[in-house]
Each structure stands twice: as C-alpha cells, then as structure tokens.
Amino acid sequence: MRNLLGFWIDTISWKNLKFRFLISFTWVEKMKDRIINKSAEIAVIGLGYIGLPTAIMFANAGFNVIGYEIRKEVVEKLNSGNSHIIEPEIDDLLHKAIDRGRLKATSNKDDIRGKDVYLICVQTPLRDDKTPDLTYLEEAVRTVAETMKKGSLVVIESTIPPMTTLKMGRLIEEIRGFKAGVDFYMVHAPERVMPGRIFKELVYNSRIIGGVTEESAELAEILYRSFAKGQIFRTNSTTSEMVKLMENTFRDVNIALANEFALLAHQYGVNIFEAIELANTHPRVKIHTPGIGVGGHCLPKDPYLLLSSAKEDFGLIQKAREINEDMPLFAKDLLMNALKMINIPPEEAIVVVLGLAYKGDSDDIRNSPALAFVEGIKEDVKEVRSYDPYVKGTHETLEEALKGADAAVIATDHSQFKNLDWEKIGSLMRNKILIDGRYIVKTPPKGFVFKGLGRGEY
Ligand SMILES: NC(=O)c1ccc[n+]([C@@H]2O[C@H](COP(=O)([O-])OP(=O)(O)OC[C@H]3O[C@@H](n4cnc5c(N)ncnc54)[C@H](O)[C@@H]3O)[C@@H](O)[C@H]2O)c1
C-alpha cells in the first residue's frame, strides 16, 4: 500500500486520491474473493515448459484456465489431450484438467478477453550478440494489453532483465492507457522449477513475488497459494527480477569454477572428481560438477540478462560464461588427441555423440553443449552420428549408431548410458575410442582408448 500511495501522490490530487482509494479497496477485495473462491478466470500466455505445467496446476486447483499459444500445432495437440513436452506426470495431469473442462488452449486472442489474471510465460532468449531478445515478451504484453480489463492481475513468470516489469507496465499504459499499480495489478513471479521435477517443484519450491505495488504482490501470493506449499516471499518487481537472475548466475559461475578446476587437473594429472569429492568433505566447501558444458534455456542466458541493463562491464560473470562456452571445445581436444594416439586421421573418423539433450533423461536440446560439440567437430571429421533415446531425428538404437564407428563421445548423462557394457558394444565399432564428457564411465573399459573430461590426462 505504501508504494501504491507514493505512486498516486505523484500523479493525482488528494481529492481524487480519496476517491480512487475507495475504488482500489473495492477492486482488491473483489479480486481477492474471486481468487479465493476460484471464480477468477486465468489466461496463460505461452504454453511451453513453464506455461503448460503452470496452466495445468491452476486448472487442477479449480480455476478455469485458457492457454494462449501462437504455435497452432501445440494448441491442437493439447486440445486433443496430448502434451508436446516430456515431463513426468504431465499426461495424467493434463487429462485431468481437460476432462474436468478446466483447461483449453487457443490461438485466438478473442478467447482471452476480459480475464481476471494473465500469466506471461513466453521465452526470453538471447540474440546472436548475447543481448536479450525481448520480442516474444513484448508481443505477449501487447496481447495482454489489448485483451485485459481494468483491475486484471498481470503476472510475468518469464525470466527478464532487471526493471523489465516496470517497462512492460509502461508499454501496457501506452497501448491501453491503464497504469500499472493504479488501474491494474502487476507482478514479476519468476519460476524456479527444474525440468524433470516440474510438478513437484511447482508445489514445494519457495517463491519470490515482486509486485509493482504491495497489493499486486498480495493478490499474486493468494493466487499461487491455491497450489503452492513452499514459502512465498514478497518484494518489489526489480528485486525479484534480480533474485532470479542471481540464482542462475551463481550456479553458472560455480560450474565455471569447477570446469576451470577440471582444466587445471588435466595439467597436473589429477582426477578432478576424486579431488572435488575430497574438497567437499570440508564443512564449508561445495564445489559443483564439471562437464562438457552448460545448457538449457536458462543457465547460459540468464547471466547475460543480468548484465544487460548494467552501465559498465562486470568481468567475473562474463569470464565464467566464456569458460563454460569453451568446454565443448575442450572435449573436442580430447577426441582429437585420442584419434591421433591410434593414428586415425580426423577426416576419416566416424564419431558418435551419445546424448544431445542438455541434461540427463530429458528431451530438451536448447543451448545444449552436445550441439556445440557437434558443431565444433563436424568440419573436421568424416561423419558425425548421434543417438539420444529422447530426441527425435537421432539414430533409432545405440547399436545402429555405433556400428562401424571409430569414437563414441558421451555428452549427456542419460540413465541409459550409465551401465553400458562397453566391452560388448565395442565389438560393433571399427575403432574403440570412448570420450566421457559427463563422468559416467567410472572405470575405463578394456581395449578402449579412453579419455574422460576432468580425469587428468589429455
Ligand atoms: N524451462 C525452464 O526450465 C525454466 C525454468 C525457470 C524459468 N524459465 C523461464 O520461463 C520462461 C519460459 O520458458 P520456457 O522454457 O517455458 O519457454 P518455451 O519456449 O518452452 O515456451 C514458451 C512458449 O511461449 C510461446 N509464445 C511465444 N511468444 C508468444 C506470444 N506472443 N503469445 C503466445 N505464446 C507465445 C512459444 O510458442 C512457446 O510455446 C523463460 O523466460 C525462461 O527463462 C524457464
């Protein structure tokens, strides 16, 4: 309320203030009632990895939810009861929401007019020059501005650079004439879930809700309470934007440190995984896990989003990104050295990349270091094949992919790769080179030229 009053004092007279306070008081109480008794209607903009599970959760909590998505094929698939993303429990939960008539998808803006709540869950990627591409977000905000009503609650769940919620509030004002915090409620409520555990984490993770006013944050908290059991912390929108970006930047920088340790370990002939395990016995040390790189929609871009609104350069975060981006090239060095060891000219080599997804047991290939690795070797070798049990367009079976190949490179820690009988599989290969970029093969298999990232030798 203090923020809201400050905002109003700048813009309106005291006489109007009293009048508007009464209106706002009535609005907020009405909206609270509508949310508490689940009669508030919700539109979710963008039905991807975050938007779809979120829409399903609100629908199964008892709200009428409509998902607005620009990809028509996704809308058709969802309305016929099929999810376009792979995630534990999603099929059952989606069917439940659709069968109860609580969830529908649409590509028609008219279907989302006059809703009480708009949740924006669109992607916020980087451009090639590593600056934020906010065009999806701006388009989604335009859609909301055109369709919302006075008194709607607008929630941005997407991860965004600091101060973007305030900018998007101003965009709505330009388009529709509604002022954020005065004519409608607005918050940034970042998502912290991890693919593979989304439905559990949506319920049990703690949440940060950053309001442009305290009332906005309060309404959003009541909304999320309909299914969330974790703690909810309220703050302002810019703090919330920064918190989300700091979390992923913290992880990215710490992985970069682990990766730098791994590179150093190669120089000293040390197995970094043993060294890290020992270092982590210190009560205040928790070193992350090194590997072939950092992928996914979030970690590789969020540090750049954090830096994007800053007025000067910040070296540590930038350097950490560069270290992580170079790890696929280090894996390439390991491969080239292994080929050299048994005198295979790279231009004659058939290389099989095992796993294209950026993380184990997922189909998500966004910013995957496996793809960067493929890109990095494809001009140097004769043929690059790939096998990923979750990713379409790769070889059907591991055996088919490895037949007649010279080298296998493990780029993703899928469970399926964890206990393979390499000595048996090796009999299918023309030459036996195994590069482990994910510390999956603990004991080098007999008869192989084996190189593990972080295992201390080139
Ligand atoms: N994926 C994750 O694990 C994760 C975790 C936490 C936060 N986030 C953040 O959440 C946001 C969404 O990520 P995601 O992984 O769900 O992205 P996504 O690409 O899977 O989904 C975004 C969806 O929005 C749709 N879309 C784009 N513009 C639209 C518009 N104008 N109107 C309607 N639909 C539109 C796209 O077609 C797509 O289906 C991002 O900001 C991301 O950083 C993602």
Side-chain angles (χ1 to χ4, degrees), residues 43-57 66-78 83-88 90 105-112 115 118-126 132-148 154-162 164-165 168 171-172 175 188-202 205-208 240-241 243-249 251-252 294-306 308 357-359 361-368:
V44 176
I45 317 297
L47 296 174
Y49 285 89
I50 296 301
L52 178 59
T54 303
I56 291 173
M57 289 304 288
I66 181 141
Y68 175 76
E69 166 60 57
I70 47 174
R71 287 188 289 163
K72 292 205 166 67
E73 69 282 8
V74 168
V75 170
E76 273 167 31
K77 204 165 178 188
L78 289 174
S83 168
H84 63 107
I85 57 172
I86 295 177
E87 179 64 29
I90 197 160
T106 184
S107 288
N108 183 349
K109 281 186 196 173
D110 287 334
D111 294 339
I112 58 164
K115 300 295 172 197
Y118 292 83
L119 290 151
I120 299 176
C121 304
V122 298
Q123 65 269 52
T124 46
L126 293 177
D133 177 0
L134 296 182
T135 51
Y136 300 96
L137 179 74
E138 282 163 8
E139 195 46 44
V141 168
R142 277 176 209 285
T143 300
V144 171
E146 285 162 20
T147 52
M148 68 190 283
V154 177
V155 178
I156 301 181
E157 280 218 9
S158 302
T159 308
I160 48 180
T164 302
T165 304
M168 294 303 119
L171 182 60
I172 292 176
I175 295 169
H188 177 241
E191 200 38 81
R192 290 169 150 175
V193 292
M194 186 173 96
R197 299 174 45 86
I198 291 182
F199 287 102
K200 283 193 182 62
E201 295 204 353
L202 277 170
N205 280 359
S206 57
R207 284 179 175 274
I208 308 294
S240 149
E241 291 159 347
V243 168
K244 169 69 197 177
L245 295 170
M246 280 163 44
E247 290 163 4
N248 280 348
T249 303
R251 293 175 59 214
D252 196 51
V294 175
H297 182 51
C298 299
L299 250 60
K301 70 158 170 101
D302 288 355
Y304 289 117
L305 295 190
L306 179 58
S308 66
Y358 84 91
K359 69 188 283 276
D361 300 333
S362 155
D363 66 332
D364 194 344
I365 56 167
R366 292 177 296 176
N367 300 316
S368 175

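Remember, it's 1-based here, ligands and their atoms both numbered in the order they're listed. Quick note: numbers below take in every heavy atom, side chains included, and nothing from hydrogens, waters or symmetry partners. The structure presented is a predicted model; accordingly, all values stated were derived computationally and were not measured.
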Considering non-hydrogen atoms of the protein only, which is the closest contact for [atom], and what is the distance?
{"atom": "atom 11 (C) of ligand 1", "result": "Val122 O, 3.4 Å"}
{"atom": "atom 31 (N) of ligand 1", "result": "Ala140 N, 3.5 Å"}
{"atom": "atom 2 (C) of ligand 1", "result": "Ile50 CD1, 3.8 Å"}
{"atom": "atom 9 (C) of ligand 1", "result": "Thr159 OG1, 3.4 Å"}
{"atom": "atom 42 (C) of ligand 1", "result": "His297 CD2, 3.2 Å"}
{"atom": "atom 21 (O) of ligand 1", "result": "Gly48 CA, 3.2 Å"}
{"atom": "atom 41 (O) of ligand 1", "result": "Thr124 OG1, 2.6 Å"}

Taking non-hydrogen atoms only, is [X] closer than 4.0 angstrom to ligand 1 via side chain, backbone, both or neither?
{"X": "Lys301", "value": "side chain"}
{"X": "Cys298", "value": "side chain"}
{"X": "Arg192", "value": "neither"}

Go through ligand 1 atom by atom and flag the ones less than 4.0 Å from a non-hydrogen atom of [X].
{"X": "Ile45", "answer": "32 (N), 33 (C)"}
{"X": "Arg71", "answer": "37 (O), 38 (C), 39 (O)"}
{"X": "Val193", "answer": "3 (O), 5 (C)"}
{"X": "Lys244", "answer": "6 (C), 7 (C)"}
{"X": "Cys121", "answer": "12 (C), 22 (C)"}
{"X": "Pro195", "answer": "3 (O)"}
{"X": "Glu139", "answer": "31 (N)"}
{"X": "Tyr68", "answer": "32 (N), 33 (C), 34 (N)"}

Atom pair [atom1]/[atom2] of [X] and [Y] - distance to nearest 0.5 Å:
{"X": "Glu157", "Y": "Thr54", "atom1": "CD", "atom2": "OG1", "answer": "4.5 Å"}
{"X": "Glu146", "Y": "Ile175", "atom1": "CD", "atom2": "CD1", "answer": "6.5 Å"}
{"X": "Lys244", "Y": "Cys298", "atom1": "NZ", "atom2": "SG", "answer": "5.5 Å"}
{"X": "Leu171", "Y": "Leu137", "atom1": "CG", "atom2": "CG", "answer": "9.0 Å"}
{"X": "Ile160", "Y": "Leu245", "atom1": "CD1", "atom2": "CG", "answer": "8.5 Å"}

Evaluation steps, side-chain contact (heavy atoms from CB on, under 4.5 Å), between Thr143 and Tyr118: CA-CA 10 Å; Thr143 300; Tyr118 292 83; over 6 Å; no
Just wondering, are more than 12 heavy atoms of other shown residues or ligands nearer than 6.0 Å to NZ in Lys200?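 It does not: Lys200 NZ has 12 such atoms or fewer within range.
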Any chance CZ of Arg251 has more than 12 other-residue heavy atoms, nucleotides or ligands included, within less than 6.0 Å?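 No, not enclosed.
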May I ask which of [options] has a heavy atom nearer to [atom] than the others do?
{"atom": "atom 15 (O) of ligand 1", "options": "Arg366, Gln123, Glu157", "answer": "Arg366"}
{"atom": "atom 35 (C) of ligand 1", "options": "Leu134, Ile70, Ile120", "answer": "Ile70"}
{"atom": "atom 7 (C) of ligand 1", "options": "Glu191, Glu69, Arg142, His84", "answer": "Glu191"}

Check the pair Thr106, Asn108 against side chain to side chain donor-acceptor pair (under 3.5 Å), reporting the backbone distance first and the verdict last. CA-CA 5 Å; Thr106 184; Asn108 183 349; 5.3 Å; no
For residues Arg207 and Glu191, report the shortest heavy-atom separation together with the two atoms involved.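 Taking every non-hydrogen atom into account, NH2-OE1, 3.0 Å.
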Over all heavy atoms of both residues, which pair between Arg192 and Asn205 is shortest? Give the atoms and the distance, please.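 For Arg192 versus Asn205, the nearest heavy atoms are O-ND2, 3.5 Å.
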Short N/O distance, under 3.5 Å, between Tyr49 and ligand 1?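 Yes: some nitrogen or oxygen of Tyr49 is under 3.5 Å from one in ligand 1.
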Give the C-alpha distance, both sets of side-chain angles, the deciding distance and a yes or no for salt bridge (charged side-chain N to carboxylate O under 4.0 Å, His left out) between Arg197 and Glu87. CA-CA 8 Å; Arg197 299 174 45 86; Glu87 179 64 29; over 6 Å; no
Mark yes or no for whether His188, through its side chain, and Ser158, through its backbone, hold a donor-acceptor pair below 3.5 Å.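 Answer holds: yes.
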